[in-house]
Amino acid sequence: MKSLAELQAIKERMKDKVILREGVNATRVVVGMATCGIAAGARPVLNTFVEEVNALGLMETVTVSQTGCIGLCQYEPIVEIYESGKEKVTYVKVDAEKAKRIANEHLKGGKVVNEYTIGANQ
Amino acid sequence: MKELSLNILDITENSVKAGATLTEINITETDDDLVLTITDNGCGMTPEILETVTNPFTTTRTTRKVGMGIPLLKMAAELTGGEVVIASKHIGEFPNEHGTVVKATFSKKHIDFTPLGDVVSTITTLIQGHPETDFLYIHRINNDEIVFDTREIKETLEGVPINTYEVIKWIEEYLREQYLQIFS
């Protein structure tokens with residue numbers, strides 16, 4: 001049973017870590033969550049990135065956030081990855097499986113998954 | 001949309017975008033009907049915008065000229081014989097009590113009724129993306145109900161961000177347990 005006591009315990013654990021995290025995140029994963037993205041399946045994609053970033057231990061350096069319509073609705077779900085000092089990478093028609101691979105190979109491994117990028121799908 | 005919970009996610013994004021500090025998502029079900037009410041204290045809409053809001057060619061987005069959020073919800077409701085009613089008070093005219101109420105009714109027994117789907121995932125997605133605003137989630141089925149208020153969670157968290165992974169996970173599991181307990 002989930003209890004508030006458990007939530008309190010989480011709070012105690014996280015309290016100190018939070019300060020460390022601020023300003024450290026260098027990579028941003030942005031998922032398009034407008035009507036077009038949601039209808040195309042962005043919700044499980046977002047949740048997969050949240051899960052994987054945690055599972056791969058990347059939470060200190062990677063943030064996952066949501067944005068509105070990117071303007072390329074036919075390519076949704078769209079995921080953009082911003083890394084400081086690098087060019088933005090745009091992944092298109094992403095699903096949960098692809099999200100998992102992008103997290104492992106790009107976020108963890110540092111290697112762009114070229115076949116899922118917009119350049120390879122035009 | 002394959003699930004009603006995706007429409008809920010989509011429509012609630014409008015509330016957040018309207019600057020709401022609190023958005024209530026209320027689902028009230030009987031054996032026959034489902035009523036979805038999303039109430040926010042955002043900036044509201046002017047009567048002129050309100051009049052055209054179910055038209056796909058009305059949109060707040062700047063990247064293109066078509067907005068399908070409300071039209072898709074309206075279609076889903078009307079396919080079952082239900083309807084969507086929207087009331088709004090614009091901040092310009094009502095500086096102290098502005099906001100929007102979107103109410104959609106569905107007949108659950110109609111063959112075209114879209115299943116509610118994974119509403120827990122919708123709630124956690126909203127919290128993950130918008131930790132700065134609050135959500136009050138109420139789901140009633142006949143005489144049972146689930147009530148979840150992010151303001152209460154934040155009180156317990158004392159400054160730890162509500163979209164911390166561990167907290168989101170706790171919320172997800174907590175809500176899933178509530179569903180198992182109350183509605184199974």
Side-chain angles (χ1 to χ4, degrees), chain A residues 1-19 21-22 29-60 62-74 76-78 96, chain B residues 1-3 5-14 16-17 56 59-64 66-73 117-118 121-122 124-126 128-131 152-178 180-181:
Chain A
M1 223 6 242
K2 293 277 144 196
S3 64
L4 276 179
E6 212 179 287
L7 186 63
Q8 250 150 8
I10 293 172
K11 178 201 76 185
E12 292 303 327
R13 272 208 314 279
M14 302 315 295
K15 228 172 29 187
D16 311 321
K17 287 193 190 170
V18 173
I19 305 143
R21 273 185 199 177
E22 277 174 16
V29 178
V30 180
V31 183
M33 294 289 285
T35 307
C36 46
I38 293 170
R43 191 180 65 184
V45 169
L46 178 96
N47 289 331
T48 302
F49 274 110
V50 171
E51 292 281 340
E52 287 300 309
V53 162
N54 189 72
L56 297 168
L58 300 172
M59 49 283 193
E60 306 288 329
V62 180
T63 52
V64 182
S65 56
Q66 306 176 16
T67 188
C69 180
I70 293 162
L72 300 161
C73 309
Q74 67 274 33
E76 293 282 355
I78 297 174
Chain B
M1 299 277 183
K2 285 180 188 156
E3 304 173 9
S5 66
L6 293 175
N7 293 95
I8 296 174
L9 176 60
D10 186 29
I11 301 299
T12 308
E13 294 282 354
N14 294 343
V16 175
K17 215 173 160 191
T59 182
T60 55
R61 70 175 71 189
T62 48
T63 44
R64 58 164 51 205
V66 181
M68 293 302 291
I70 294 282
L72 283 172
L73 179 70
D118 190 355
S121 183
T122 280
T124 55
T125 301
L126 283 168
Q128 195 274 339
H130 310 290
E152 286 172 15
I153 301 298
K154 283 177 185 171
E155 226 167 86
T156 305
L157 287 172
E158 289 174 348
V160 170
I162 194 166
N163 62 347
T164 307
Y165 178 79
E166 287 79 357
V167 176
I168 292 282
K169 268 336 249 188
W170 182 89
I171 293 170
E172 182 184 356
E173 283 164 33
Y174 173 79
L175 285 173
R176 293 209 192 282
E177 268 183 13
Q178 296 276 304
L180 274 178
Q181 259 195 330

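The sequence lines fix the lettering, A, B, ..., with proteins before strands; numbering per chain opens at 1. Owing to the predicted nature of the structure, the values given are computational and were not obtained by experimental measurement.
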Exercise. Just by modelled atom types, is the Pro131(B) backbone N or O under 3.5 Å from a matching donor or acceptor in the Lys154(B) side chain?
Worked result: yes

For this session: Output all residues satisfying side chain to side chain donor-acceptor pair (under 3.5 Å) with Lys169(B), sequence neighbours left out; order by chain, then residue number.
Result: Glu51(A), Glu172(B)

For this session: Please name the pair of heavy atoms, one in Ala42(A) and one in Met33(A), separated by the smallest distance, quoted to 0.1 Å.
Result: CB-SD, 3.5 Å

For this session: Mark yes or no for whether Glu13(B), through its side chain, and Gly68(A), through its backbone, hold a donor-acceptor pair below 3.5 Å.
Result: no

Exercise. By a 4.5 Å heavy-atom criterion (distance strictly below it), what part of Val64(A) contacts chain B: side chain, backbone, both, or neither?
Worked result: both

Exercise. Would Ser5(B) and Asp118(B) count as having a side-chain donor-acceptor pair, cut-off 3.5 Å?
Worked result: no

Exercise. Quick one: what part of Glu158(B) sits under 4.5 Å from any heavy atom of chain A, side chain, backbone, both or neither?
Worked result: both

Exercise. In terms of heavy-atom proximity below 4.5 Å to chain A, should Leu72(B) be classed as side chain, backbone, both, or neither?
Worked result: side chain

For this session: Of all the heavy-atom pairs spanning Gly32(A) and Ile70(A), show the shortest one and how long it is.
Result: CA-CD1, 4.1 Å

Problem set entry | Residue part contacting chain A, namely of Asn7(B), when any heavy atom lies under 4.5 Å | neither

Problem set entry | Per-residue contact mode, Leu4(A) against chain B (heavy atom under 4.5 angstrom) | both

Problem set entry | Under 4.5 Å from a heavy atom of chain B, the part of Leu46(A) involved | side chain

Exercise. What part of Glu3(B) is in contact with chain A, defined as an atom under 4.5 angstrom from a non-hydrogen atom: side chain, backbone, both or neither?
Worked result: side chain

